[in-house]
Amino acid sequence: MAGDQFLGEPDPEERIVLHVDMDCFYASCERLREPDLEGEPLVVGMGYEAGETVGAVATASYEAREYGVESAQAIGSALENLPRKAENPDDPDAGRYRPVDMDFYQSVAADVKDILHELGDTVREVSIDEAYLDVTERTDWSVAEGFARHVRQRIEREVGVPASVGVAPDMSTAKLASDHDKPEGLVVVPPDDVREFLAPIDIADVHGVGPVRACELREMGIETAGDLADADPYDLVERFGERGRDLHRRARGKDNRAVEPTGKPKSLSRESSFDGPTGDFERVREQARTLAEAVADRATRKDAFYRTIGVKVVTPPYDVNTRAQSLPGPVDEPDLVEEISMDLLAEFEDERVRKVGVRVSNLDFSEREQSSLDGFEGSGADGGHSRQQRGAEADTDTRRDSARTRTRNHDGQSSLGEFE
Ligand code: TTP
Ligand code: MG
């Protein structure tokens, strides 16, 4: 119907939107640095220590959800459903509890987002563990499933946390698709299947339907997205105004919102694992050198200048150590990335190393914008020199990251946030 689309808006059937949502994200992060928690009922939250009473669950692993523990639940209820192992060591139905460590989760999320920015044409980050990617130019409906699997595998392999992925011709359906088979879900809904996929979805799960509106819709006899799609749009507009028209569109897979990017990548990084922990430091250095080169090359290709260069060294069992050095101004200097990485790495010479990574951050893209405005597009062509150090006035784009700079955590693990 012509009324569904407006002149100049992209035809939703021509778009391929991928939605990624990490599985029980904070719990997965805890498992990353404490692999013994794998497979255990695990609750991340606040207020469970002896003497504490106030607090809530941030998230629960899928094993803990089996016991009725869920996000936003009062900690007292969670403890009733799932007692704490630390206090009930012999109870087979007890679970593990861990405090919230936002710095660590932000650092893991940054690693995931780096990958997503590499894989999507445009990326819209909507929360710490969730993003939409427009991948229209990267894939095709006939191979979209393979592409989605690739996205999930790269996150799993390079960062080590599980994700669920949904692919659909619009954002709203893609989000429902990623949620459909959690955890480790992978659901592709090609254009011709959208109506069928949406039909049985509960009305409360349709994007934009809150609990109040869900009740009102149920009063109208509308229980599912299928019912909503079949409803008379005029009744919906009468009841909910323009919002009613949006809901009707969404229920029919006609969510015309484009994936608007939420910003440029905040950092660029590469890391790689060894087969097992290695004591051969020359091998670690060699690997880091290759990674430094790859990261610097990516920054150059993306027209990104960086002000901070850092390394990450994971030592057994899974201690994530990060070190970073900030420069007085943004640069594009591959040699400096290598040199500083080597300096920062030296401290770990006597350690066994499981994984090594190099990151550039405090990114600044302002010259690219400026140069295209000024018609200076070719100014980087004579190599790194004209792109080297710039004045303080070019520094404004880095402010987004400055609040995140952090120091070592109390447990001796240095936060990856230092990288950002
Ligand atoms: P979600 O993606 O909603 O939840 P999740 O990743 O834990 O689980 P799922 O597998 O269902 O996606 O939220 C992401 C993180 O945000 C979550 O790990 C913890 C945090 N969070 C809270 O702190 N409080 C809350 O009420 C919710 C819903 C999430
Ligand atoms: Mg999630």
Side-chain angles (χ1 to χ4, degrees), residues 17-34 37-48 52 54-79 81-82 95-113 115-116 123-133 148 151-152 154-156 159-168 171-187 201-202 204-211 214 262 404 415-417:
V17 178
L18 188 146
H19 181 256
V20 181
D21 189 309
M22 309 305 295
D23 298 327
C24 55
F25 184 56
Y26 295 1
S28 299
C29 292
E30 292 299 337
R31 285 170 166 171
L32 187 60
R33 60 181 171 186
E34 210 181 328
L37 297 173
E38 202 59 57
E40 296 275 322
L42 169 64
V43 179
V44 178
M46 290 297 183
Y48 54 81
E52 295 177 334
V54 184
V57 174
T59 196
S61 73
Y62 280 77
E63 295 81 356
R65 293 180 197 192
E66 303 264 305
Y67 291 87
V69 182
E70 57 185 27
S71 292
Q73 190 169 58
I75 203 74
S77 313
L79 287 164
N81 291 332
L82 180 71
R96 317 281 284 271
Y97 283 68
R98 291 290 177 273
V100 175
D101 178 355
M102 283 314 294
D103 285 357
F104 182 59
Y105 311 149
Q106 294 279 11
S107 77
V108 178
D111 289 345
V112 173
K113 303 282 167 68
I115 293 174
L116 299 183
V123 178
R124 182 170 188 80
E125 299 178 15
V126 287
S127 75
I128 187 168
D129 86 326
E130 194 189 338
Y132 293 92
L133 280 65
V151 172
R152 221 183 45 185
R154 274 205 58 186
I155 299 173
E156 177 79 56
V159 190
V161 284
S164 291
V165 176
V167 186
M171 288 170 70
S172 164
T173 311
K175 183 171 168 66
L176 289 166
S178 75
D179 207 36
H180 196 259
D181 271 352
K182 257 183 175 295
E184 295 189 65
L186 196 166
V187 174
I201 302 254
D202 190 277
D205 294 332
V206 173
H207 189 71
V209 179
T262 38
R404 298 252 189 106
S415 162
L416 262 186

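Just follow the structure's listing: the first ligand is 1, and inside any ligand the first atom is 1. Residues: numbered from 1 along the sequence shown.
Restricting D21 to its N/O/S atoms, the shortest distance to the Mg ion (ligand 2) is reached by OD1. Taking the N/O/S atoms of D129 in turn, the shortest distance to the Mg ion (ligand 2) belongs to OD2.
The proximity of K182 to ligand 1, defined as any non-hydrogen pair under 4.0 Å, is limited to the side chain.
Residue contacts to the Mg ion (ligand 2): S164 brings no N, O or S atom closer than 2.8 Å. Metal site remark for the Mg ion (ligand 2): E130 contributes no N, O or S atom at a distance under 2.8 Å.
Scanning the protein heavy atoms around atom 18 (O) of ligand 1, the nearest turns out to be Y26 N, 3.1 Å.
Below 4.0 Å from some heavy atom of A72 lie the following atoms of ligand 1, by number and element: 26 (O). Of all the atoms in ligand 1, the ones that sit under 4.0 Å from a non-hydrogen atom of S71 are 25 (C), 26 (O), 27 (C), 28 (C). Proximity to Y62 (heavy-atom distance under 4.0 Å) selects the following atoms of ligand 1: 9 (P), 10 (O), 11 (O). Near M22, the atoms of ligand 1 lying under 4.0 angstrom from a non-hydrogen atom of the residue are 6 (O), 9 (P), 10 (O), 12 (O).
Distances shorter than 4.0 angstrom do not occur between any heavy atom of P183 and any atom of ligand 1. In this structure, Y105 has no heavy atom closer than 4.0 Å to ligand 1. Ligand 1 lies out of reach of E30, whose nearest heavy atom is not under 4.0 Å from it.
Taking 4.0 Å as the cut-off between side-chain N and carboxylate O, R33 and E30 count as a salt-bridged pair. Under the 4.0 Å criterion applied to side-chain N and carboxylate O atoms, E63 and R31 are assigned as salt-bridge partners.
The shortest N or O to N or O distance between F25 and ligand 1 is below 3.5 Å.
Between H19 and Y132, the angle of the ring planes lies from 30° to 60°, which puts this pair in the tilted group.
Selection from V100, D21, I128 by nearest heavy atom to atom 12 (O) of ligand 1 gives D21.
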